[in-house]
Amino acid sequence: MTAGSEQAGGTRQWLRGLEVFAGPLPEFDPERAPADPVRLFLSWLVEAVADGVRDPHAMTLSTVDPAGDPDARVLILKGVDASGWRFAGHAFSPKGGQLAHHPRAALTFYWPEHGRQIRIRGSVTPGTAEENTADFLDRSPTARAETLLGRQSQHLTDTDDRDGALEKALALIEQEPSLVDSAWTLYTLAPAEVEFWQAAKSRVHTRLRYERTRDGWERFRLWS
């Protein structure tokens with residue numbers, strides 16, 4: 001046995017020994033779920049906030065690049081209503097470019113304290129100029145300044161260059177508080193599927209999927 005395989009075996013055993021779903025888990029009865037997935041999502045979100053779940057509005061956005069390779073990152077939910085789930089980003093960032101090429105994506109919420117996961121898939125559309133502007137101006141001055149640099153995900157070779165550019169951008173914002181980056185975009189993911197996953201200590205988990213049809217939503221239980 002090689003040292004690498006011994007290390008892999010040790011890591012595997014260590015991971016298997018980590019406890020999951022340690023605390024009390026909430027109940028979820030799919031038979032009592034509302035007809036609209038947005039209502040169920042908001043009720044779960046309210047419970048997560050009330051119980052002190054950390055960053056309950058954080059979510060993983062998954063996209064694909066032009067080569068078909070997957071990409072993912074954690075963002076903050078900007079809003080949700082009957083039209084879909086909203087998030088924001090720069091149109092010239094990697095995610096902006098990927099969404100321009102393939103305007104479909106997936107969102108994943110995971111609240112470990114509740115053993116709950118929500119998975120959403122659908123098409124993505126950019127907001128109007130007014131919506132994009134409003135979201136940009138809601139950001140903190142530092143966040144707006146970073147966006148104005150237009151360098152997200154590019155190689156950073158000198159932090160002094162970044163700090164100097166950021167200082168200049170902050171000064172510009174102070175002089176022009178209404179300055180907006182026209183590439184900032186508020187996106188809406190219109191769901192085709194929304195799945196709610198509730199963990200159980202027995203490992204017989206509960207899964208309920210909403211699938212959009214021509215006439216509205218249909219609900220389906222899934223094997224765990």
Side-chain angles (χ1 to χ4, degrees), residues 15-64 68-89 95 98-99 102-127 186-224:
L15 290 172
R16 289 181 64 86
L18 296 178
E19 188 176 8
V20 293
F21 313 132
L25 300 176
E27 296 291 330
F28 175 45
D29 181 1
E31 299 301 322
R32 300 177 61 184
D36 183 348
V38 171
R39 287 180 54 200
L40 182 55
F41 172 83
L42 288 173
S43 70
W44 278 25
L45 180 60
V46 168
E47 288 183 44
V49 172
D51 289 348
V53 173
R54 294 188 61 180
D55 302 326
H57 55 335
M59 60 189 183
T60 299
L61 168 69
S62 300
T63 54
V64 294
D69 293 324
D71 204 352
R73 74 290 287 162
V74 177
L75 301 177
I76 295 298
L77 177 68
K78 292 300 187 79
V80 58
D81 57 25
S83 63
W85 278 252
R86 292 189 176 85
F87 59 92
K95 62 178 169 289
Q98 291 164 8
L99 288 169
H102 184 74
R104 299 188 64 81
L107 298 174
T108 307
F109 293 83
Y110 179 54
W111 301 322
E113 295 92 334
H114 284 175
R116 283 177 167 174
Q117 180 179 190
I118 302 169
R119 303 169 59 207
I120 308 156
R121 297 199 302 171
S123 59
V124 178
T125 56
L186 182 67
Y187 296 97
T188 299
L189 187 152
E193 298 177 357
V194 185
E195 180 188 325
F196 294 84
W197 184 92
Q198 173 66 67
K201 293 183 183 296
S202 66
R203 301 303 178 92
V204 182
H205 309 308
T206 300
R207 297 174 65 188
L208 176 67
R209 179 189 291 162
Y210 290 76
E211 298 180 7
R212 189 185 292 277
T213 69
R214 188 177 306 172
D215 300 320
W217 291 100
E218 287 193 40
R219 291 172 292 174
F220 300 90
R221 293 287 300 270
L222 303 178
W223 285 73
S224 60

What heavy-atom pair brings [X] and [Y] nearest, and what distance separates the two atoms?
X    : Y    : result
D36  : Y210 : C-CE2, 3.9 Å
V20  : R203 : CG2-NH2, 3.0 Å
A199 : L25  : O-CD1, 3.4 Å
V124 : A105 : CG2-CB, 3.8 Å
A33  : L40  : CB-CD2, 4.2 Å
V38  : D81  : CG2-O, 3.6 Å

How about Q98 and T63: does a side-chain donor come under 3.5 Å of a side-chain acceptor? yes

Any donor-acceptor N or O pair under 3.5 Å, side chains T213, D215: no

Whether E47 and R116 form a salt bridge (side-chain N of Lys/Arg under 4.0 Å from carboxylate O of Asp/Glu) is what I want to check. yes

State plainly whether the residues E195 and R207 are in salt-bridge range, i.e. N to O under 4.0 Å. yes

With a 4.5 Å cut-off on side-chain heavy atoms, are [Y] and [X] touching?
X    : Y    : answer
R119 : W197 : no
P30  : T206 : yes
P191 : R212 : yes

Gap between atom [atom2] of [Y] and atom [atom1] of [X] - 0.5 Å precision:
X    : Y    : atom1 : atom2 : result
S83  : L189 : OG    : CG    : 10.5 Å
L61  : L77  : CG    : CG    : 11.5 Å
K95  : Y187 : NZ    : OH    : 8.0 Å
E193 : F220 : CD    : CZ    : 10.0 Å
Q198 : F21  : CD    : CZ    : 9.0 Å
I120 : T60  : CD1   : OG1   : 11.0 Å

Looking at R39, I want to see if its CZ is surrounded by more than 12 non-hydrogen atoms of other residues, nucleotides or ligands under 6.0 Å. no

Counting only heavy atoms not in R86, do more than 12 sit closer than 6.0 Å to its CZ atom? yes

Just jot down the salt bridge (charged side-chain N to carboxylate O under 4.0 Å, His left out) partners of D51, sequence neighbours excluded, or say none. none

Derivation of the side chain to side chain contact (heavy atoms under 4.5 Å, CB included) call for I118 and W111: CA-CA 9 Å; I118 302 169; W111 301 322; 3.8 Å; yes

Between L18 and R16, is a side chain to side chain contact (heavy atoms under 4.5 Å, CB included) present by the stated rule, with each step listed? CA-CA 6 Å; L18 296 178; R16 289 181 64 86; over 6 Å; no

Between D55 and H57, is there a donor-acceptor pair closer than 3.5 Å when you use the side chain of the first and the backbone of the second? no

Under 3.5 Å donor-acceptor, K201 side chain and P24 backbone: no

Residue set satisfying side-chain hydrogen bond (donor to acceptor under 3.5 Å, both in side chains) with T108, at least two apart, ordered chain then number -> none

Is the F28 to H205 ring centre distance short of 6.0 Å? no

Is the F41-F196 ring centre distance short of 6.0 angstrom? no

As a quick check of understanding, evaluate side chain to side chain contact (heavy atoms under 4.5 Å, CB included) for V80 and L42, giving each step before the final call. CA-CA 8 Å; V80 58; L42 288 173; 3.6 Å; yes

What do the steps show when you test F87 against T188 for side chain to side chain contact (heavy atoms under 4.5 Å, CB included), and what is the final call? CA-CA 7 Å; F87 59 92; T188 299; over 6 Å; no

